[in-house]
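What follows is a single structure, written as structure tokens, with notes after it.
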Amino acid sequence: MIVKCEKCQVAFNINDSLIRPEGSKLRCSKCKHIFTVYPPEPVVPQAERPPVSQVRPPVSQVRPPVAPAPPEERISSSELTGGEVTLTIVDFSQEVFDTISGTAERYVEMGTIGKGGMGEVLLARDTQLLRKVAIKVLKKESVTPAALSFFLREAQITAQLDHPNIVPLYTVKRPAEGEKNVSFIMKLVKGKTLLELMNKVRTTYTENPKAKLPQELTQRTFLEHFLKACDGITYAHRKGVVHRDIKPANIMVGDFGEVYVMDWGIAKMLRDDEQDMPEQDQQILTSGMSRSGGTEIIGTQPEGVLGTPSYMSPEQAHGRRDVDTASDIFSLGTVLFELITLRPPRIGDAKQKLKWAKGGYLNRMIHMLPDRKIDPELKAIVHRATESEPQNRYPSISKMAEDLRCYLRGDEVSELPDNLPRKVLRWMGKHRQLTLILILGILLISSTVTIWGLHREQVAMKAAQIRESKLSHLQAEVSAHAHFIDSHFLRLEDLAASLANNAMYLIQEGPSNNERFYWLEDFQIPEKTPPDLNYSHLYKRPVSIEYPVVKPAPGVRREDVATIMQKLAPLRHHFKKTLLESRPGFAPVTQEEAHRLLTVHGIPIRWAYIGLEIGVMYSYPGKGSYGPEYDPRVRPWYKLGSYKHGVQWGNPYADIQGLGLVLPCAISLYDKENQFYGVLGMDVTFSDIIEDNLKREGSVGVIESFLLDDRGRIVVSSQLEADVQEHSTDPALKLEPFPVPEVAEAIVRGESGLREVEHNGESRIIVFYQMSALKWYYVEEIDTYAILDSAN
């Protein structure tokens with residue numbers, strides 16, 4: 001059911017099975033208004049309904065009955081008025097209804113991301129929100145009460161840690177019927193762990209000690225990532241949670257620089273010192289987890305030590321139950337040790353590392369490259385964080401992070417106070433202009449020249465920074481819009497593939513039916529036309545939106561194709577549903593709204609049709625304007641899709657039915673034995689492509705937008721619609737090359753990016769990004785001065 005708030009009219013979904021017969025109270029999520037809703041009454045014949053006087057509830061609960069809609073109108077919605085509440089009941093298609101009501105599987109597994117000794121992480125697709133997520137689940141053979149207890153506690157702890165640097169948990173997935181295992185759904189983080197990034201640096205230096213690292217692998221970048229991890233752990237500490245397994249492998253760096261602290265499997269709450277499991281269950285758990293390849297868990301010790309010996313604190317190594325935030329500070333200190341030295345904090349096997357951990361020992365703090373010096377400020381920070389006694393360490397992670405930020409800013413570090421010479425040098429470093437003025441003032445005239453030169457350099461650098469920032473922001477906006485267009489075309493491809501599957505099902509396995517279908521001649525004889533055939537302002541001709549038209553090719557007899565067309569007759573409902581689902585958004589529409597969309601306003605897909613190899617065409621919406629010589633097998637769209645796999649997009653062409661330029665897509669029809677049956681095609685109008693995709697909201701200085709193919713040719717342009725009449729005699733347009741050769745050549749090489757060029761005597765910025773679905777490119781031509789003026 002879709003329920004509307006009587007006060008603010010906000011609509012939201014609710015499963016009608018959850019509504020009690022006597023009515024249920026609901027609170028609006030927006031305005032907080034409380035109102036009563038009732039379950040829908042079953043539709044019964046009028047003769048069987050009891051008198052109103054026998055069933056009428058109190059006035060506050062009156063629910064007038066609703067007349068049943070005819071079967072062909074069930075895509076629309078009807079309203080039930082219940083007292084002061086208005087309910088809208090929507091009849092969804094079975095697929096959409098199953099997804100919303102929960103009877104269909106919401107998360108579709110797509111493969112395994114990683115495995116451990118006890119659990120694994122799966123990649124899945126959220127069919128409701130259309131996104132990819134990660135599912136963390138215990139292996140079947142590892143499901144024990146102890147493991148489930150830790151697993152669920154990890155979910156509970158992670159769910160309460162709402163911080164940008166902690167991987168968010170969406171929900172816990174209930175087990176399938178008859179199973180005891182559970183799993184939880186988390187955000188899918190794409191990137192590399194801090195350990196993988198450090199290993200990459202180690203490999204680079206091993207191959208070439210003098211190699212110049214890229215920006216994302218420099219020590220400063222690593223320290224900035226480390227500070228973000230500190231922020232996440234600080235938040236957890238304020239929430240009373242101790243991680244207990246901080247290490248580079250549990251710090252993930254995303255593709256866009258975001259940092260997440262992961263794996264809270266052995267975290268503990270400070271307010272609950274008794275939450276750790278009994279030793280008997282812990283030994284069972286550790287015997288399975290010690291093979292995980294991630295967290296090193298020493299289960300042979302009497303105290304049952306949990307954690308990674310390379311990074312754990314002495315109190316954690318001794319198995320003390322009062323481990324608190326100071327233990328995480330020690331672990332962060334060992335991670336910082338490895339970041340700045342590129343050497344492991346402890347060496348040896350697990351037992352040797354555990355022995356070192358109990359004594360609080362670390363390796364010598366020297367860089368893996370002997371000639372590289374480590375700044376004394378960093379050494380001081382690591383030494384303070386990794387003190388053996390917890391009370392001698394930093395009082396909090398935020399204090400350690402502040403020292404590290406002071407180091408990055410060039411300020412004094414609290415653990416290494418400056419002496420007089422260092423204070424002077426630091427002051428001079430932070431006041432370079434004043435120092436230069438004092439020195440150069442003695443030099444009189446030369447000082448004036450030097451200061452003026454420095455000033456101009458700073459102005460130029462500032463201007464360059466502003467320019468670079470604006471161009472980077474522009475690239476990000478164009479890239480995001482390219483991804484948006486890509487998703488739009490992927491949705492159209494999914495609709496085409498679904499319609500093709502339905503057609504082949506009806507041909508091969510569809511049950512017998514009494515559906516009516518109409519031949520082309522029926523549309524031309526008034527007494528035989530479909531009952532809904534009416535003039536459409538959109539199509540500029542009479543069309544039927546309930547019945548497609550059947551057109552045999554020249555020389556094909558009707559009786560030779562009547563049987564297969566009878567099987568395809570129910571496809572008319574799928575045609576209509578496909579066209580409606582191509583519109584932007586997912587809000588349900590009434591039958592009247594659907595009719596106006598299909599006949600007046602228009603939606604992206606204007607024509608959908610099937611051409612069979614035996615020589616017959618089934619086209620929607622139905623119309624009687626095909627000529628007798630029309631043969632679908634010789635049309636460009638049929639050749640585009642025949643004997644191929646997957647959805648094929650073709651060159652734009654002028655629609656013979658008068659809708660202007662359209663972009664065709666086609667997909668072959670194959671049976672279970674891979675025998676070719678024909679081609680399903682759809683036409684997407686240029687006006688919808690330009691209106692919905694090539695007009696970026698809030699864009700500044702955009703002269704023209706394009707979609708180019710992988711050969712650098714213009715497929716769609718925001719100004720191409722004006723050329724419809726000029727090309728209307730061509731069945732398919734000849735694609736023109738992009739007028740900027742430098743950009744066209746980069747596209748042929750498969751590159752994306754930005755170019756500043758001179759085009760038609762004007763300075764232009766050309767931004768181009770590839771869309772993965774079609775391998776096409778979204779391109780914007782922008783006035784350079786408009787961008788720079790906007791930045792200024």
Do other residues, nucleotides or ligands put more than 12 heavy atoms under 6.0 Å from the NZ atom of Lys173?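 More than 12 heavy atoms, drawn from other residues, nucleotides or ligands, come within 6.0 Å of this atom.
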
Does Arg131 have more than 12 heavy atoms from other residues, nucleotides or ligands lying within 6.0 Å of its CZ?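 Result for CZ/Arg131: enclosed.
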
Starting at [atom1] of [X], measure out to [atom2] of [Y] and round the result to the nearest 0.5 Å.
| X | Y | atom1 | atom2 | answer |
| --- | --- | --- | --- | --- |
| Leu129 | Tyr170 | CG | OH | 9.0 Å |
| His318 | Leu354 | NE2 | CG | 8.5 Å |
| Ile233 | Ile329 | CD1 | CD1 | 11.0 Å |
| Thr171 | Tyr107 | OG1 | OH | 6.0 Å |
| Cys230 | Ile251 | SG | CD1 | 8.0 Å |
| His383 | Glu415 | NE2 | CD | 11.0 Å |

Sub-3.5 Å donor-acceptor pair from the side chain of [X] to the main-chain atoms of [Y], do we have one?
| X | Y | result |
| --- | --- | --- |
| Asp403 | Lys399 | no |
| Thr206 | Arg202 | yes |
| Ser487 | Phe484 | yes |
| Arg384 | Arg393 | yes |
| Ser498 | Asp494 | no |
| Lys136 | Phe151 | no |
| Asn501 | Ala497 | yes |
| Thr221 | Gln215 | yes |
| Asn165 | Val261 | no |
| Arg346 | Met312 | yes |

Taking [X] first and then [Y], would you say they form a salt bridge - that is, a charged N and a carboxylate O separated by under 4.0 Å?
| X | Y | value |
| --- | --- | --- |
| Lys239 | Asp162 | no |
| Lys228 | Glu224 | no |
| Glu509 | Lys672 | yes |
| Arg320 | Asp322 | yes |

Whether Tyr361 and Trp356 hold their rings parallel, tilted or perpendicular, with breakpoints at 30° and 60°: perpendicular

Under 30°, 30 to 60°, or over 60°: which ring-plane class applies to Phe222 and His225, parallel, tilted or perpendicular?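 Correct class here is tilted.
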
Side-chain touch [X]/[Y], heavy atoms, less than 4.5 angstrom:
| X | Y | result |
| --- | --- | --- |
| Leu499 | Lys577 | no |
| Glu493 | Leu490 | yes |
| Leu130 | Arg125 | yes |
| Thr158 | Val167 | no |
| Trp264 | Asn250 | no |

Please step through side chain to side chain contact (heavy atoms under 4.5 Å, CB included) for the pair Leu332 and His243, ending with a clear verdict. CA-CA 11 Å; Leu332 282 172; His243 189 284; over 6 Å; no

Partner residues of Asp126 under the side chain to side chain donor-acceptor pair (under 3.5 Å) criterion, sequence neighbours left out: Arg106

Going by the rule side chain to side chain donor-acceptor pair (under 3.5 Å), which residues pair with Ser24 if we only count those two or more places apart in sequence or in a different chain? none

Quick one: do Ile157 and Arg153 satisfy side chain to side chain contact (heavy atoms under 4.5 Å, CB included)? Show the steps, please. CA-CA 6 Å; Ile157 291 176; Arg153 192 182 68 178; 4.0 Å; yes

Between Ile113 and Leu188, is a side chain to side chain contact (heavy atoms under 4.5 Å, CB included) present by the stated rule, with each step listed? CA-CA 10 Å; Ile113 300 175; Leu188 177 62; 3.6 Å; yes

Could you go through Thr386 and Phe337, starting from their C-alpha distance and side-chain angles, then the distance that decides it, and tell me whether this counts as side chain to side chain contact (heavy atoms under 4.5 Å, CB included)? CA-CA 9 Å; Thr386 56; Phe337 175 102; over 6 Å; no

Can you list the steps and then say if Asp231 with Arg405 is a salt bridge (Lys or Arg N to Asp or Glu O under 4.0 Å)? CA-CA 12 Å; Asp231 292 341; Arg405 288 188 173 97; 3.2 Å; yes

Looking only at side chains, do Lys353 and Ser310 share a donor and an acceptor under 3.5 Å apart? yes

